Each structure stands twice: as structure tokens, then as C-alpha cells.
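In this text the structure is predicted, and so the values were computed from the model without any measurement. Note: hydrogens, waters and symmetry copies are ignored here, and every other heavy atom, side chains too, is used. In this chain, residues are counted from 1 in sequence order. Start at 1 and go down the list; that is how both ligands and their atoms are numbered.
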Amino acid sequence: MKPRDRLRIAMQKSGRLTDPAQELLARCGLKFRQSRDKLFCFGEGEPVDLLLVRDDDIPGLIAEGVCDLGIVGRNVLREFQLTNPDTGAGMDELRPLGFGHCRLSIAVPQEDAYDGPAQLQGQRIATSYPGLLGEWLRSHGVDAKVVMLAGSVEIAPRLGTADAICDLVSSGATLVANQLREAVVVVESEAVLAGRRELPLDERGEIAELLLRRLDGVIQVRDSRLILMQAPRDALAAITRLLPGLPIPTLTPVDGAPDQVVLQALCAGSVSWRQLEDMKRAGARDMLVLPVEKMLA
Ligand code: PRP
Ligand code: ZN
């Protein structure tokens with residue numbers, strides 16, 4: 001294989017992770033020549049290209065070195081690592097990305113009660129995640145038969161090919177539509193940035209580090225708010241205690257009003273009306289809550 005000097009990121013071609021993943025990369029300053037329907041998107045600014053593929057193929061592409069990084073569900077990455085222990089060992093979840101939240105759960109027919117793992121003893125459980133399900137069964141001392149299905153797992157109980165299923169649940173609508181009940185969560189999942197544990201030692205490693213730093217900035221500010229207000233000095237202690245996430249505020253004196261300061265603070269998470277009203281009662285006024293676009297420490 002010819003050595004590459006451009007970083008290559010794999011992501012889902014079309015699915016739940018596609019739009020938020022594209023948006024996240026755009027926020028990191030990456031632009032790609034539009035080609036949603038094609039496999040390969042050329043990066044215009046930074047030397048970073050995109051490969052649009054089936055999500056299940058992403059860990060393998062990283063392991064083989066075809067791609068350097070991937071945006072993929074934690075469930076897909078961990079399943080790959082469990083079923084490919086040799087190549088999977090060098091791979092890692094580099095960052096959780098905060099979108100695409102779902103869970104891999106065991107579900108049973110609605111009419112069945114679920115009162116613990118022992119109930120699954122000797123049952124047939126259909127899944128596309130034999131690695132993760134197998135690990136859960138072993139750790140709970142359950143001996144069950146894992147029925148591997150590539151798709152449409154949820155209809156297996158109705159077809160009589162399984163007694164229970166282990167599949168992804170997001171809203172829960174698929175389970176309800178198939179008269180199934182979520183019994184127990186096997187893995188909590190979300191989109192993650194996956195990569196090999198050792199970044200490439202050439203230019204690609206440097207680009208990857210730059211991208212990781214930008215990503216950290218984006219993730220950090222995504223849910224952050226900058227709060228600005230004027231406050232009497234003697235109310236500062238009380239107001240600071242009310243700031244969401246307890247940040248250390250920056251204080252600026254106010255000309256002509258020695259007893260007043262302008263307070264500025266970066267709050268983790270949103271700031272509610274109630275929290276603002278509490279701060280106002282404590283003495284704050286002229287409050288502003290602003291979204292944060294970029295941050296570089
Ligand atoms: C997943 C999963 C379920 C469904 C659950 O499939 O296999 O079928 O989503 O979502 P819900 O709880 O909101 O109904 P997905 O659409 O991701 O397709 P895939 O499994 O083929 O990747
Ligand atoms: Zn899939």
C-alpha cells in the first residue's frame with residue numbers, strides 16, 4: 001500500500017449518525033467536496049478526507065489501516081474488539097462524541113415478565129452482537145443459545161426462531177411495534193471517535209492531534225454558555241454559588257461604581273430561567289446568556 005499523507009476518516013454513509021457526524025466535522029473546520037452518494041469525499045481545507053461506508057465496516061477499515069479514524073457507535077467498536085481480539089486490541093475509543101445515544105438491550109415478548117438473568121437460562125436469544133451479548137451472558141452466569149442474525153432481529157420471537165432478542169434501542173418504537181419489552185441494558189452506547197491506540201508517526205499523526213484538539217474545543221463549548229452580568233461586590237459569593245457548574249468567574253471593575261463589578265463566567269451546561277431569577281434575587285442585573293461558538297485553551 002502506498003503511504004498516505006492525508007488523514008482519512010470513516011463514517012456512516014447513511015443512517016442516524018451521518019448528519020450529526022458531518023455537522024461535528026464542519027464545526028471542527030473541515031470542509032469536504034459534497035458527494036453524499038459517493039464513497040469518498042475530498043477534504044478542501046485541511047488534508048483530511050472522508051470515507052462513507054456501512055457503520056459495521058468502520059472498525060475493520062481502521063484496523064487494516066485503510067482509515068485512520070472513524071465515527072461509529074460504541075456498540076459497533078466494542079463488538080469488533082470482542083470478535084477480533086488480535087486486531088481489536090490496538091484500537092481505542094478516543095473520544096465519546098455526545099450524540100447518537102442508544103443502548104444495546106435484551107428484550108423479551110411483551111407478555112413475558114422479566115425477573116432477572118436466570119430467566120434467560122437455556123433460551124435462544126437473537127442478535128447481531130454475539131460478542132457483546134456473549135460477554136454479558138458469561139458475566140451473569142447465564143448459559144443461553146446465541147442466534148446470530150444480520151438484521152431484522154426484532155421479528156425473531158414472532159417467527160419462533162428465538163425466545164428473546166438483544167438489539168439496539170433508541171426511542172423504543174421498534175420494540176413496541178414488535179410487541180417486545182426491554183428487559184435489561186447490556187451496553188449504553190453513543191457515537192465515538194475510534195482510532196488505533198498509536199496515532200501514525202508521520203504528518204497524519206499531527207493532523208490527527210490537531211483534529212482532536214479542535215474536537216475537544218467543540219465538544220467542550222457545545223453545551224457551554226457564557227454568562228455576563230453586573231453584580232454588587234458584596235453579593236459575589238452568593239451569586240458565584242448559583243452559577244451552573246461552579247465556574248471561577250472573571251471580574252471587571254465598573255467605572256464610577258466601585259461597589260459594582262461585571263462578572264463573566266463560562267458555565268458547563270445550559271442556564272435556566274429559574275437559575276437566572278435566583279441570581280437576580282441575589283443581586284445580579286443586566287444578565288446575558290450567550291452560546292459559545294469556538295474555544296481554544
Ligand atoms: C436500530 C435497531 C432497531 C432500531 C431501534 O436499527 O436495530 O431496529 O434502530 O430504534 P428505536 O428504538 O428508535 O425504534 P437502525 O435503524 O440503526 O439500523 P441498523 O441496525 O440496520 O444499522
Ligand atoms: Zn448497522
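Close contacts between ligand 1 and S171 involve ligand atoms 11 (P), 12 (O), 13 (O), 14 (O) [criterion: under 4.0 Å to a heavy atom]. Short contacts between ligand 1 and G172, defined as distances under 4.0 Å to a heavy atom of the residue, involve ligand atoms 11 (P), 12 (O), 13 (O). Taking a cut-off of under 4.0 Å to the non-hydrogen atoms of E154, the atoms of ligand 1 that pass are 8 (O).
In the hydrophobic cluster analysis, where Ile, Leu, Val, Met, Phe, Trp and Tyr join through side-chain heavy atoms closer than 4.5 angstrom, V192 is grouped together with L82. A single hydrophobic cluster is not seen to contain both V169 and W136; linkage of ILVMFWY side chains at heavy-atom distances under 4.5 Å, directly or through other members, places them apart.
Considering N178, V169, L168, V153 only, the shortest heavy-atom separation from atom 3 (C) of ligand 1 involves L168. The closest non-hydrogen atom to atom 7 (O) of ligand 1, taken over D167, N75, L104, T174, comes from D167.
Side-chain contact check for E154 and T174: no donor-acceptor pair (N or O, by modelled atom type) lies under 3.5 Å.
Using a cut-off of 4.0 Å between Lys/Arg side-chain N and Asp/Glu carboxylate O, R213 and D216 are scored as not salt-bridged.
Residue C28 forms a side-chain contact (heavy atoms from CB on, under 4.5 Å) with just one option from I219, L212, V48, L211, and that option is L211.
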